[in-house]
Structure formats: C-alpha cells, structure tokens
Amino acid sequence: MKVLKDRILKDGKVLEGNILKVDSFINHQFDVELFNEMGKELKRRYEGTEITKILTVEVSGIAIAAIVAQYFNVPVVFAKKHAGRNMDPDSYEADVYSYTKGATFKVRVSKKYINKEDSVLLIDDFLANGNALLGLIDLVEQAGAKVAGAGIAIEKAFQPGRKVVEEKGVRVESLAIIEKMEDNQLSFK
Ligand code: G4P
C-alpha cells in the first residue's frame, strides 16, 4: 500500500535490534486519515470473505482495529493483557511469548464476545515473530469460531511471523512488507 510505505520512509526510524519506530503515526500519535486508507484497503482485499467481528490485542492494535472496523461494519473486540478486577472470569485465555520483552504473558477475551458463529478478522500493527497472532488464533479456536484472516499494517518479512501464521492455515494480508532493514535503510517487497 503506497501511502503507508511512503509514510514509513518519511517518518519511520530504524532502531537497533531491527525495530522500526513508527510512533509518530501508528503507535503513539496516530494518523486517522492513514488508518482510514488502511481500512479501505483491507476491506478491498477481504471483499467476498465473511467477517462478523474484528479481534485485536491491546495496546497498539486497538486504534487501527477501531478505524478499520468502520469499513466492515462489525464490532471490535480486543484481547486484554491486563486482567483487571472487571475482567469476566468466564474468559478464553492464551499464552503469548514476546521476543522483544523476553517474557510470556496471557491474553484474554470474555466468552461473551466471540462465539462459534463468528468469522473473525485479526488486526495488528506489526507482524514480526507471529506470537501475538498465534495467541489470537488460539482464542478464536477455543471459541469454536473461524479465523477469516489477518490484516497487518507492517510485516517484517525477515522474521518468521508470516510462516508460522500461514502454517495455521490463516491468510495474511499486510499493507507494507519490509524485506530488509539495515543501517537505517529500508526496502519493501
Ligand atoms: P509478534 O508481535 O509478531 O508476536 O512479535 P514480537 O513478539 O517480536 O513482538 C512483540 C511486540 O513488539 C509487539 O507489540 C509487536 O507489535 C512489537 N514489535 C515487533 N516488531 C516491532 C517493530 O519493528 N517496531 C515496533 N514499534 N514494534 C514492534 P506489543 O509488545 O504487544 O506492544 P503493544 O501493542 O502493547 O504496543
């Protein structure tokens, strides 16, 4: 998606450890117009696919999912990483290993919000190692629902995320696919 790739080239910063900083337009301050374009593009790519719900994971996925959902006219559910007192005890729960943090955490969704009739589109900002998506797929499968596919803003193709998610039989659509990220130089697929 040209507009996203151009924006990454203009405002993204390559940090040490293969991290792309996009917090001026995606995951701290965010550009609603850009997210609207992402929503239109994902709607186009998933035309003809049944989608009854969008599922993401807090924190950074929420804003993208909320805007994208307007093009699908379906509710957004986000998996919670922090189960506060008001978390429904009757929840699906999955483990997610975060490479960047070197730790495993739990993601949870109330059983009320995904059910076996749902066909769920997974949305996230980054696809790197694929662990966040694997956790979401696990939650959807526990609910007996179907995974319609995944919609990702930025995929890092030099990390194994796509492979592990596709091995689960899930379609992956990424709007900007980074092939290489070295010495502050980026190249897209
Ligand atoms: P995964 O997301 O594919 O599972 O891979 P990984 O375990 O490596 O990612 C852990 C966290 O780091 C995720 O966010 C992911 O979105 C983020 N991340 C991965 N690569 C990059 C990158 O190049 N740039 C930035 N900015 N983030 C990256 P998280 O910990 O769940 O954070 P948040 O959603 O709560 O903000």
Side-chain angles (χ1 to χ4, degrees), residues 1 4-31 34-35 38 42 54-69 76-84 87 93-109 120-141 147 149-189:
M1 187 187 159
L4 177 58
K5 291 180 185 172
D6 288 348
R7 188 63 178 271
I8 292 169
L9 291 175
K10 182 169 157 274
D11 293 331
K13 303 255 174 322
V14 179
L15 304 185
E16 248 174 70
N18 276 331
I19 294 290
L20 176 66
K21 194 168 157 76
V22 288
D23 67 352
S24 67
F25 60 103
I26 291 193
N27 52 22
H28 191 14
Q29 171 173 265
F30 57 86
D31 183 336
L34 177 66
F35 287 9
M38 287 163 39
L42 285 173
I54 285 178
L55 177 66
T56 187
V57 55
E58 64 177 347
V59 178
S60 305
I62 297 175
I64 299 175
I67 299 211
V68 167
V76 178
V77 179
F78 66 94
K80 296 197 179 197
K81 288 179 185 165
H82 307 284
M87 183 72 214
E93 197 174 277
D95 286 326
V96 173
Y97 178 73
S98 167
Y99 278 93
T100 45
K101 295 182 178 122
T104 299
F105 56 91
K106 291 198 184 300
V107 288
R108 299 178 178 90
V109 166
V120 182
L121 177 65
L122 310 175
I123 295 284
D124 212 352
D125 55 346
F126 276 93
L127 175 58
N129 292 292
N131 292 311
L133 282 188
L134 287 183
L136 296 181
I137 292 167
D138 188 351
L139 295 174
V140 173
E141 287 175 346
V147 181
I152 302 295
I154 304 173
E155 174 181 335
K156 292 153 83 185
F158 50 87
Q159 288 182 256
R162 174 178 288 267
K163 185 167 177 283
V164 303
V165 172
E166 286 182 343
E167 274 170 8
K168 298 287 283 180
V170 172
R171 172 179 170 192
V172 177
E173 292 289 344
S174 304
L175 301 177
I177 302 180
I178 299 175
E179 204 159 37
K180 253 195 185 159
M181 218 165 74
E182 278 164 12
D183 307 324
N184 222 14
Q185 294 287 312
L186 271 183
S187 63
F188 295 103
K189 245 189 182 157

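Counting starts at 1 for both ligands and their atoms, in listed order. Everything numeric here is computed off the predicted structure, so don't read it as measured data.
Which of H28, Q159, K81 comes nearest to atom 35 (O) of ligand 1 through a heavy atom is settled by distance: it is K81. Taking all heavy atoms of G17, G61, P160, A132 into account, the minimum distance to atom 2 (O) of ligand 1 is reached by A132. For atom 26 (N) of ligand 1, the choice among L127, V165, L20, V22 with the nearest heavy atom turns out to be L20.
For the side-chain contact (heavy atoms from CB on, under 4.5 Å) criterion with F126, the lone passing option out of I152, I178, V22 is V22. With I123 as reference, L42 is the one residue of I62, L55, L42 to meet the side-chain contact (heavy atoms from CB on, under 4.5 Å) rule.
Looking only at heavy atoms of the protein, atom 17 (C) of ligand 1 is closest to F126 CB, 4.6 Å. At the top of the distance list for atom 3 (O) of ligand 1, counting protein heavy atoms only, stands G130 N, 2.6 Å. What sits closest to atom 5 (O) of ligand 1 on the protein, heavy atoms only, is N129 N, 3.2 Å. Scanning the protein for heavy atoms near atom 7 (O) of ligand 1, the closest one is Y99 N, 3.1 Å. Closest to atom 12 (O) of ligand 1, if we only count protein heavy atoms, is T100 OG1, 3.4 Å. In this structure, atom 36 (O) of ligand 1 lies nearest to the protein heavy atom S60 OG, 2.6 Å.
Distances shorter than 4.0 angstrom occur between a heavy atom of K156 and an atom of ligand 1. Residue G161 places no heavy atom under 4.0 Å from ligand 1. Heavy-atom distances between N18 and ligand 1 reach below 4.0 Å in at least one pair.
For a threshold of 3.5 Å applied to N or O pairs, the pair formed by M181 and ligand 1 contains no separation below that value. At least one N or O atom of K101 sits closer than 3.5 Å to an N or O atom of ligand 1.
Counting heavy atoms from C-beta outward, E58 and K80 have side chains that approach closer than 4.5 Å. Side-chain atoms of I67 and M38, non-hydrogen and from C-beta on, never get closer than 4.5 Å to each other. Using a 4.5 Å cut-off on side-chain heavy atoms (C-beta onward), D124 and V57 make contact. Residues L133 and K168 form no side-chain contact, since every pair of their non-hydrogen atoms from C-beta on lies 4.5 Å or further apart. Residues L20 and M181 form a side-chain contact, since some pair of their non-hydrogen atoms from C-beta on lies under 4.5 Å apart. In this structure, the side chains of K189 and S174 stay at 4.5 Å or more apart for every pair of heavy atoms.
For the ring pair (Phe, Tyr, Trp, His ring centres under 6.0 Å) test, residues two or more places apart in sequence or in another chain that qualify with Y97 are Y99. Every residue two or more places apart in sequence or in another chain that forms a side chain to side chain contact (heavy atoms under 4.5 Å, CB included) with V96 is listed here: F105, V107, N131.
Near D125, the atoms of ligand 1 lying under 4.0 angstrom from a non-hydrogen atom of the residue are 16 (O). Of all atoms in ligand 1, listed by their number and element, those nearer than 4.0 Å to a heavy atom of N27 are 26 (N). Below 4.0 Å from some heavy atom of A128 lie the following atoms of ligand 1, by number and element: 3 (O), 5 (O), 8 (O), 19 (C), 20 (N). Remark: ligand 1 atoms within the under-4.0 Å shell around heavy atoms of Y97 are 7 (O).
Within a 4.0 Å radius of atom 14 (O) of ligand 1, the protein has no heavy atom. Checking atom 21 (C) of ligand 1 against the protein gives a heavy-atom contact under 4.0 Å.
When heavy-atom distances to ligand 1 are checked against a 4.0 Å cut-off, V96 has no atom that comes that close, whether in backbone or side chain.
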